[in-house]
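Atom set for the values below is all heavy atoms of this structure, side chains included, hydrogens, waters and symmetry mates excluded.
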Amino acid sequence: MTNDSRIRTITALAWCLAWGEKHNLNQDELSTLHQMRQALQKGQDVPESTISVVQQAQYLYDIPNPKEYFPKTIKELHNDYRDLWQQETRIGLVYGGATKIKQYVFEASKLPDIRGASALLDRINLVDLPTFFGDGRRSLSIEQWLDRNFPDLRQALIPELIIYSTGGSILAFCPAAFIDDLANAIEKRYTHETLTANSCAVGDTFKLLEFRFGLLQDKIEDTFWFDKYEINQANPIIKAYFDQSEVSDPFERFQNRKNFNELVGKLANQFTQRRNGNDLPRKKRPSRCYPPIFETHPYLQRDESDRRSAIMRVELPNSSFLSEPLARKRLVGEIAKRESSHAWYENANLEWNPLDIWIPSWVNKFKEFLNEEDNQELANRYYGAVNQEDVKEARSLREIASASHPSGFVAYIYADGNNMGGYIRQKIKTPQDYRLFSKDIFDATEKSVYKALANYLHPYQYTPDAKSSRTNKETVWIHPFEIITIGGDDVLLVVPANKALEISQAIGDEFEEHLWRTGRYSLEPTTPNLLAHRYTTDNVPPVSKCLLSMSTGVLITAQDTPIYYADKLVSQLLKSAKKYAKELKKDHKYYGGTVDFLVMKAVTMISSNIKEFREQGLIKNKDGESKLKLYASPYTLYELGGLLETAKAFKKAEFPRSQLYQIRSLLERGKRTAILNYRYFKIRLTNDKAKQELKDKFELAWCQPKDSSNNGNLAPWMSLQESDSQDAEKSRMTYETIWRELVDLYPFITEEVETIPEQSTTPEVR
């Protein structure tokens, strides 16, 4: 991996240096560059005319890492790397991708359209843009489109120039003369294919030495360096630019800022300016202040999203009015599901035709993952005795909800990585670091999702009813999930409600485990921090061993909840979980994942947002001294596992559901009233084993007083100290409870042992 990264980076830098700042090369010059590239790949001697640029690229790559070498004065840098200092040829760097992604994806209300919108964006990022560089699957139509719109661009690009192209964005080297062409091509490709999706791309040129030591002045000797920073670090502007709360040493702060990451930061600032509609200075590019827009008319039929005028009416199988942007989403959704008939689109005689371009399907990637030799056991567990060729993709939320117990409910899982920004600032300092980091994160995210789905789900035998969108009403085996997107470190899934929390916990655990196994993201061994967890048993909580983790929002809701509304709520839950993870890291050095979830059985349950709903409806202050929180979310991954165990204990104890709801209603009456009623209902249980289960899995695990000398029992409450925001010296006791979450989860907990699906045919895993 290290040698491959070295060759790629040296090839990219040498290619850009050898190309120079010219817009065109003659055939002999171009042939020489390709000979140089092939020679570097094979470890052979490069053409004589390119020796100097290859040596300079190698020289830059071989500069020791900042821990081993970093000059304290600009003069020292000049003396040590005089040849690189004198290199005047600039190298281009381009950054871009889709913006306002959710606005485009969730504009439509139906799952096939959402799947198509997501697949189309994934295809542009994972297929189209790499094809610009000649990487990945070759597509003649994409190459022809690029040659028509940007005639000289494709010959200036090679696969080694790509630093990363995952997670909805791309970062790549580029010959200096083509930065605007490449940025324009990226933006135009998104608009050409989607018509309405927003995108943005920017580029700039840099000196060779800047790719190792960050931004330098045109006269390098005038660059603000550490000797000046050390004297002026108290200046508010300088402090804001270099300051990092987690680093105290001034020299380390300066090192962490002055590297390749500073170049990417400059592009990110330009990206924000252009995305907001501003024209960048000294850039002659088409303005982006007017987003793609379609005119409508009050007397014309609009499409299903009610955004644009419809141009066709089709039977799919229900009657649908489609505009061209919506028709493209629907078509790509069908292609992603590998449906063979697209007659309705062909009959419309539209020019756009994506049928010759590979469309990514996350379910197909999931199947390919299970077919890998190392995953045969996982595949056998998932498929059981069902022939994998007989299992089809789910076509609607109704089909996914039918696999839940009770049926009719689905869960939206939205996960995103923690500590990414801080890790990049401190650890990612070279282009090869970016490339490796991007690949590691994408692999960890993708594989953790696949493993979690395979471990907790099985193919489901679905019988279409009258409301089904399937024309064939025969019973069919389906994959009971929908992967809307996996991009970089974020994930959006739809799964059966009764398996949502187990899947969420498994994704978070496996994400950390996968990254830890690479050996590049390990934490120094520490003792378990018990204060980070409210769940206590004889088992010691696992120690955080990975610098990076995932926070997750989970919304369990009815199948007919509007998808755009569910996305809005699950995004709020993710935000809450990430905030909790930051607090735990700050207060208890906890680096692990967190989960916030909500069970919403009616769309009218929340009228504003989740934070206001909880603060106004679920926080009480009965006695004026202690605060009562009628919920305990978010949870750490360890706590979430404990919550599920506790819910199963209640189910096993056959705790009467009516009493569960009654105790929940009594929580609002105060701490003592709730404690008294819980004890009363527990005493009435006739099953001694059930009583012991409740004591072990609920009272001792969750409700122990914080004072170890206090042998009392607070069930169903947990206690914690909170500092008063108005008076730092004043603090008050807060009591929270997991009871509400237990009641919400109770219907989704099953006692029976999970059964593997059976079928008369012989299992076949290819």
Roughly how far, to the nearest 0.5 Å, is [atom2] of [Y] from [atom1] of [X]?
X: Y450; Y: K365; atom1: OH; atom2: NZ; result: 5.5 Å
X: I400; Y: F409; atom1: CD1; atom2: CZ; result: 15.0 Å
X: K575; Y: K611; atom1: NZ; atom2: NZ; result: 7.5 Å
X: L644; Y: L742; atom1: CG; atom2: CG; result: 9.5 Å
X: L630; Y: W717; atom1: CG; atom2: CH2; result: 5.5 Å

Which of these passes side-chain contact (heavy atoms from CB on, under 4.5 Å) with [X]: [options]?
X: M550; options: D416, V491, D490; value: V491
X: L492; options: V105, I486, I484; value: I484
X: M718; options: I738, T737, T734; value: I738

With salt bridge (charged side-chain N to carboxylate O under 4.0 Å, His left out) as the rule and sequence neighbours excluded, what pairs involving residues 442-457 come up?
K439-D443, K451-E510
Once salt bridge (charged side-chain N to carboxylate O under 4.0 Å, His left out) is applied, what residue pairs with a partner in residues 541-557 remain, sequence neighbours excluded?
E513-K545
[X]: partners by ring-ring contact (aromatic ring centres under 6.0 Å, His included), with sequence neighbours left out:
X: Y535; result: Y638, W702
X: F650; result: F655, F698, W739
X: Y521; result: Y423

Is it the case that the side chain of [X] and the backbone of [Y] share a donor-acceptor pair, with hydrogens and angles ignored and the cut-off at 3.5 Å?
X: D489; Y: I441; result: no
X: S118; Y: R115; result: no
X: K697; Y: A647; result: no
X: N677; Y: T673; result: yes
X: R381; Y: N455; result: yes

Any side-chain donor near an acceptor of the partner, [X] and [Y], under 3.5 Å:
X: S404; Y: Q559; answer: no
X: Y678; Y: E699; answer: yes
X: N418; Y: S549; answer: yes
X: T475; Y: T463; answer: yes

By side-chain hydrogen bond (donor to acceptor under 3.5 Å, both in side chains) - contacts of [X] (at least two apart):
X: E639; answer: R534
X: Q692; answer: D696
X: S504; answer: none
X: T636; answer: H533

Nearest non-hydrogen partners of [X] and [Y], listed with the distance:
X: S633; Y: D596; result: CB-OD1, 3.0 Å
X: A403; Y: P480; result: CB-CB, 3.7 Å
X: S551; Y: L574; result: O-CD1, 3.2 Å

Any residue meeting salt bridge (Lys or Arg N to Asp or Glu O under 4.0 Å) with D744, in chain and number order, not counting sequence neighbours
R664
By salt bridge (Lys or Arg N to Asp or Glu O under 4.0 Å) - contacts of E741 (at least two apart):
none
Mark yes or no: R657 above the aromatic ring of Y746, with NZ or CZ under 6.0 Å from the six-membered ring centre and no more than 45 degrees from the axis.
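Because its charged atom misses either the 6.0 Å distance or the 45° angle limit, R657 does not stack over Y746.
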Does the cation-pi check pass for K671 over Y735, that is, NZ or CZ under 6.0 Å from the six-membered ring centre and within 45° of its axis?
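Yes - K671 lies over the ring of Y735, closer than 6.0 Å to its centre and within 45° of its axis.
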Just do the side-chain contact (heavy atoms from CB on, under 4.5 Å) check on W362 and D122 with the steps written out, would you?
CA-CA 10 Å; W362 292 114; D122 286 334; 3.1 Å; yes
Within-4.5 Å side-chain heavy-atom neighbours: [X] and [Y]:
X: K695; Y: K682; value: yes
X: E736; Y: K627; value: no
X: K585; Y: Y590; value: no
X: V494; Y: L397; value: yes
X: F597; Y: L573; value: no

Please confirm whether F369 and Y382 have ring centers closer than 6.0 angstrom.
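Between F369 and Y382, the centre distance exceeds or equals 6.0 Å.
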Among residues at least two apart in sequence or on other chains, which ones pass side chain to side chain contact (heavy atoms under 4.5 Å, CB included) with R425?
E246, N261
